[in-house]
Structures are given as C-alpha cells and as structure tokens.
Amino acid sequence: VSILSTLRKQWYQRRVRGVVVCFNSSFLYSNRNSNNPLHSNQLKSKTLCTMATTVRLFWKDPYLKEFSAKVVRSFVFNKKPAVILSETAFYPTSGGQPNDEGILNGVKVVDVIEEKDEIIHILEKPLLKEGEEVSGSINFERRLDHMVQHHGQHILSKAFIDVANAQTVSFHLGPNYSYIDLDKRDEINEEAQEKALKIANRAVFENRAVSTTFYDSIEEASKLPLRKLDPTLQAPIRIVNIDGFDLQACCGTHPAFTGQVMCINIINFEKIKKTTRITFLCGMRAINKATEAFLSLKRIALKVAMPIDCPAIEKSLDSMIDDNQKLRKVQSEYEKLLQRTCMQNLLQTISVPPGSFGKYVFELPGKDMNFIKSVGKGLVEEVRTVICLLVPLPLEGKPTTIGFYMTCSNDIEIDLRVLLKEIFSLQAGKGGGDQRTVQGSFNTGDLELVKDAVKTKLNAVN
C-alpha cells in the first residue's frame, strides 16, 4: 500500500509540477515564463495525489494569464469543435463559479467544461491536430472578477455561520450579481445581515493570507474545523484556508489575500420557503455600485436642498412619502366625488319605460378609462340599461383613438361580446371582455362616426 501511495504521489508531482498553496499579491500580473516562485518545484501541500488527465494550472497559479500546452484530443463535442489539452489555465464551470474565456492559438474559447478528469475547451472553430503545441491566454479581467466574487462568498458564508449558525446551501455567481441561499429563515433579519457584513468586511480589511492544501482522504479532511464537509467528496480533497478565519473544501480559484476582495456589499435579501437568499457584490462590482448609489444620493440631496447626510435625507423622504400618501387619499376622495357627480348628471338624462331597459351612449372627454369604468358600473346598478361610454384617447406620436367601456345591468339578456363584433363591422377597433362588460378602442379619432356606429347596433337590440 505504501509503495502504491508513493508511486501515485510521484506521478502526481510530475503531472502538476509543484502545486504551491501560499500565494503573494505581487503575483497579480504573473506570466508562465517569468521567474515567478509559483512555478518552482517546492511542494507545500500535505498530500498531493490525483489521476486528473488535464493538469490544472489554475490551481498552481490563479493569476496565470498565458500558458502553452499540447493538444491531447481534438474532437467534436455537442456539435461544436473542442480540444483537451495536456495542461490548462482555463477554469471550467464548477462549484458555482462560471468558466473562463479566452483564446487558444487565436481561436476563441466559448466554453470550458469538466468531464470526469478531463477539461474540455469548446471552440469557435476547429483548432490544431492532436500532439501539436498550442498557446493560450485567458480573459484575466473576467477571471479576477470571478475569483473575487467567489472568495467573497467564502468570507460571507463564514460570517453568517458566526452570526446565525446559517449554512450556505447554494451559491450562484452571475454576470451582474451573486447570491447565496442560507438554511435559516427567521434568524436572518436586517440586524443579522449587518453583523455578518461587518464581520466579512473586517476579514477583508485584515488582508488575511489565503492558502490551499490537498488531503488524500475524507477521514483526514474531516478532522479539520471546516464549515461543512460533503461526505461524498473523493480524494484528493482541496481545502482553502483563510488564515485564522475559515477552512472549506473548494475547487475554485481564490486570491492570495482577502484584501483583494476589496469590499462586500449586500444589496438584497428575500425569504424563499425555508431559506433566505442573500444577494451581494464584491470587489469592483461593489465599489461601482456604491459609487453609483453615492452619486444618486448626491443628486437627491441637491433636489431636497439638504447636505449629503443619509439619516437626514431618509427622514426627509419619509416625511415626503407620508405627505404624498395623505395627498393621494384626498385625491381619491375628490375623484370619487367627481364620479358620483358625473353619474348623477347622466342619470337625469336617462328615462326607462317600465318593463323595458335603456340604451344610451355618452361621451366623457378629458376622463381616463378608470373614471368611465366607475361611472358605467354605477349607472347600470342604478337603472336597468345598457351603457356605452366613449372617451378620446390622445396617444403620444399617434393619431387620437376613441376608447370605450360598455356594460349592462345583470338582468338584461344580452351578450355584449356579440354586440361588439357587430359594432366593429361598422367601425373597426379592438377590444373584448365578457358577457356583461366589454372595453377597448376604435381605430379612429372621429367621435361622431363612432357614436353613429354604436347607436346603430345598440338601438337594434331588443
């Protein structure tokens, strides 16, 4: 057993060529061909053993931008050209972190997929043949952003453990924002979020060192004070260590120091069944959003003639909202009064013989559809009748049309949908509804033409 273990370790060391687990921030713009200590053969991991076909250079150096390798396989994957390389700096979509993008010999890499022990590079067009040399470069801006968001998630997840013993059950890293789902609901209130955010940003500010270590068994890794450990993980198990703050199994890319996360901001939270979703930003995403928010606050402060003082502006806005709600209430009461007055005026013009029902068309210029709906409903409740209310609808940049709302008393045997089709046969329009109520608009702004068409068909109803 010990001989096999030694052989496996030696084979892995030849393949990986020295996984270094402690990084330095000065390597941010490293290049494969430089004299970077990250490319030395000094192994600092506890146990390094894997049977991976593709050597993962992003584990050795997450800041590596350019590399060279040989084409192991060139083939078609899901109807797209693809290659597998002897080694790669391209990170595949995994663990919630999206794949890298970049080029191989000038050909765009559109996707990177992990299939068992191989990393498949999906290409824009076919590349070289098997065995040939290839030069690659990754979109480092995208890599750095993903690395910062991912590492920020580690820090934030640990902070919520400290505050509410809330485990992260899922993680999503999107193009504009990221989120984690926590297994607690009621415990994650605004106070808990503020505490977690302070803990997380303190860890960022302290610029703690980040390192990785490989363990060759789940039993060995389980002895560590990890946030959580998936018992189905297979060796080698890669542990990411934020010095004195967090230990967690992870296959993603991480910065050398927590300070490169720059800052973490929670921008939203929502309760989803038994979990809480925390939406957050890290790095330049957080800084850009904070800058945008500050500039917006500055503009608001100018509009309300106040200094840029968040509590004072918030208090002023609360007062404005309260005043606005009071005005809306007054406006609503005024609208109801106008509707009742309008309805009473129209009722004075309606005369219905006993045992029959009225058929009336009224025009209400200057009113909106909500107003005429309310008036129409009130009229048919007061008197047995079929009512069609018309209102000109001026649309910006378009010819004026005539809006309509037609309704009837419940005891009148009529289907207004059928009547509407007959009216449209005389004057084109669009609309619909049910047996008792229809609404829409006519394709003309000529009110007299519309009134004639409606009256002609309405008066024919028995």
Side-chain angles (χ1 to χ4, degrees), residues 145 148-166 168 171-182 184-208 245 255 257-272 275-336 368 370:
D145 174 55
V148 165
Q149 306 307 317
H150 187 176
H151 193 67
Q153 175 264 311
H154 275 236
I155 296 172
L156 193 58
S157 291
K158 175 57 166 61
F160 275 108
I161 288 285
D162 293 347
V163 170
N165 194 29
T168 295
F171 165 53
H172 169 78
L173 198 168
N176 300 312
Y177 59 85
S178 303
Y179 64 76
I180 54 174
D181 290 331
L182 304 174
K184 293 288 193 301
R185 180 182 172 88
D186 296 335
E187 296 88 340
I188 310 301
N189 51 30
E190 289 192 9
E191 182 182 359
Q193 292 176 62
E194 289 177 6
K195 288 181 179 179
L197 200 55
K198 286 181 180 179
I199 292 172
N201 279 305
R202 170 60 63 178
V204 172
F205 177 77
E206 290 169 345
N207 200 27
R208 294 170 180 261
F245 183 77
F257 293 90
T258 59
Q260 290 174 10
V261 174
M262 291 185 278
C263 70
I264 303 173
N265 278 334
I266 294 175
I267 60 173
N268 190 33
F269 79 101
E270 56 184 319
K271 306 294 183 179
I272 302 177
T275 66
T276 302
R277 176 162 294 177
I278 303 293
T279 304
F280 66 96
L281 304 171
C282 301
M284 288 307 301
R285 293 190 189 188
I287 290 174
N288 290 339
K289 193 67 175 180
T291 302
E292 177 187 317
F294 176 79
L295 292 176
S296 179
L297 180 65
K298 184 179 179 181
R299 289 190 292 269
I300 292 171
L302 289 172
K303 289 180 180 179
V304 297
M306 295 185 67
I308 304 175
D309 184 323
C310 291
I313 292 175
E314 185 177 4
K315 185 177 179 181
S316 177
L317 288 176
D318 286 341
S319 178
M320 291 179 186
I321 291 170
D322 185 54
D323 291 342
N324 186 54
Q325 289 173 343
K326 291 177 181 177
L327 288 173
R328 284 181 177 274
K329 187 176 180 180
V330 172
Q331 183 183 20
S332 177
E333 293 298 324
Y334 180 67
E335 282 285 324
K336 290 176 183 178
D368 60 24
N370 289 329

Set of residues satisfying side-chain contact (heavy atoms from CB on, under 4.5 Å) with respect to Glu194, sequence neighbours excluded =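 side-chain contact (heavy atoms from CB on, under 4.5 Å) list for Glu194, sorted by chain: empty.
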Got a sec, which pairs hit salt bridge (charged side-chain N to carboxylate O under 4.0 Å, His left out) with one end in residues 296-323, sequence neighbours left out?
->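 Qualifying pairs, neighbours excluded: Asp322-Lys326.
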Please, which pairs that meet salt bridge (charged side-chain N to carboxylate O under 4.0 Å, His left out) have at least one residue in residues 151-160, sequence neighbours excluded?
->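 As it turns out, the salt bridge (charged side-chain N to carboxylate O under 4.0 Å, His left out) pairs with a partner in residues 151-160, which skip direct neighbours, are Lys158-Asp162.
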Measuring from atom [atom1] of [X] to atom [atom2] of [Y], what distance do you get when rounded to the nearest 0.5 angstrom?
X	Y	atom1	atom2	value
Ile188	Thr275	CD1	OG1	10.5 Å
Phe269	Ile180	CZ	CD1	13.0 Å
Thr168	His154	OG1	NE2	9.5 Å
Ile267	Leu281	CD1	CG	4.0 Å
Glu335	Asn370	CD	CG	9.0 Å
Leu156	Ile266	CG	CD1	5.0 Å

Which heavy atom of [X] sits nearest a heavy atom of [Y], and at what distance?
X	Y	result
Gly152	Phe280	C-CE1, 4.5 Å
Ala196	Ala159	O-CB, 3.3 Å
Lys184	Ala166	CG-CB, 3.7 Å
Phe245	Ile199	CE1-CG2, 4.0 Å
Ile264	Ala200	CD1-CB, 3.9 Å
Ile313	Leu297	CD1-CD1, 3.6 Å

[X]: which residues meet the side-chain hydrogen bond (donor to acceptor under 3.5 Å, both in side chains) condition with it, sequence neighbours left out?
X	result
Arg277	Asp181
Glu187	none
His151	His254
Thr276	Lys271

Passes side chain to side chain contact (heavy atoms under 4.5 Å, CB included), Glu333 versus Val330? Steps please.
-> CA-CA 5 Å; Glu333 293 298 324; Val330 172; 5.8 Å; no
Contacts under 3.5 angstrom, residues 282-291 side chains, donor-acceptor by atom type, not counting sequence neighbours:
unit_1: Arg285; atom_1: NE; unit_2: Asp145; atom_2: OD1; d: 3.1
unit_1: Arg285; atom_1: NE; unit_2: Asp145; atom_2: OD2; d: 3.2
unit_1: Arg285; atom_1: NH1; unit_2: Gly174; atom_2: O; d: 2.9
unit_1: Arg285; atom_1: NH2; unit_2: Asp145; atom_2: OD2; d: 2.6
unit_1: Arg285; atom_1: NH2; unit_2: Gly174; atom_2: O; d: 3.0
unit_1: Asn288; atom_1: ND2; unit_2: Met284; atom_2: O; d: 3.1
unit_1: Thr291; atom_1: OG1; unit_2: Ile287; atom_2: O; d: 2.8

Apply ring-ring contact (aromatic ring centres under 6.0 Å, His included) to Tyr179 and list each qualifying residue two or more places apart in sequence or on a separate chain.
->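 ring-ring contact (aromatic ring centres under 6.0 Å, His included) list for Tyr179, sorted by chain: His172.
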Can you name the residues that form a ring-ring contact (aromatic ring centres under 6.0 Å, His included) with Phe171, not counting sequence neighbours?
->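 Partners of Phe171 by the ring-ring contact (aromatic ring centres under 6.0 Å, His included) criterion, ordered by chain and then number, come out as His150.
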Starting from the C-alpha separation in whole Å, work towards a yes-or-no answer on side chain to side chain contact (heavy atoms under 4.5 Å, CB included) for Ser178 and Gln153.
-> CA-CA 8 Å; Ser178 303; Gln153 175 264 311; over 6 Å; no
Who pairs with Glu191 by salt bridge (charged side-chain N to carboxylate O under 4.0 Å, His left out), at least two apart in sequence or on another chain?
->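 Here the qualifying residues are Lys195.
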Salt bridge (charged side-chain N to carboxylate O under 4.0 Å, His left out) partners for Glu206, two or more places apart |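 Partners of Glu206 by the salt bridge (charged side-chain N to carboxylate O under 4.0 Å, His left out) criterion, ordered by chain and then number, come out as Arg208.
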Would you say that more than 12 heavy atoms from the other residues, nucleotides or ligands in this model lie under 6.0 Å from the [atom1] of [X], or not?
X	atom1	value
Tyr177	OH	no
Arg185	CZ	yes
Glu270	CD	yes

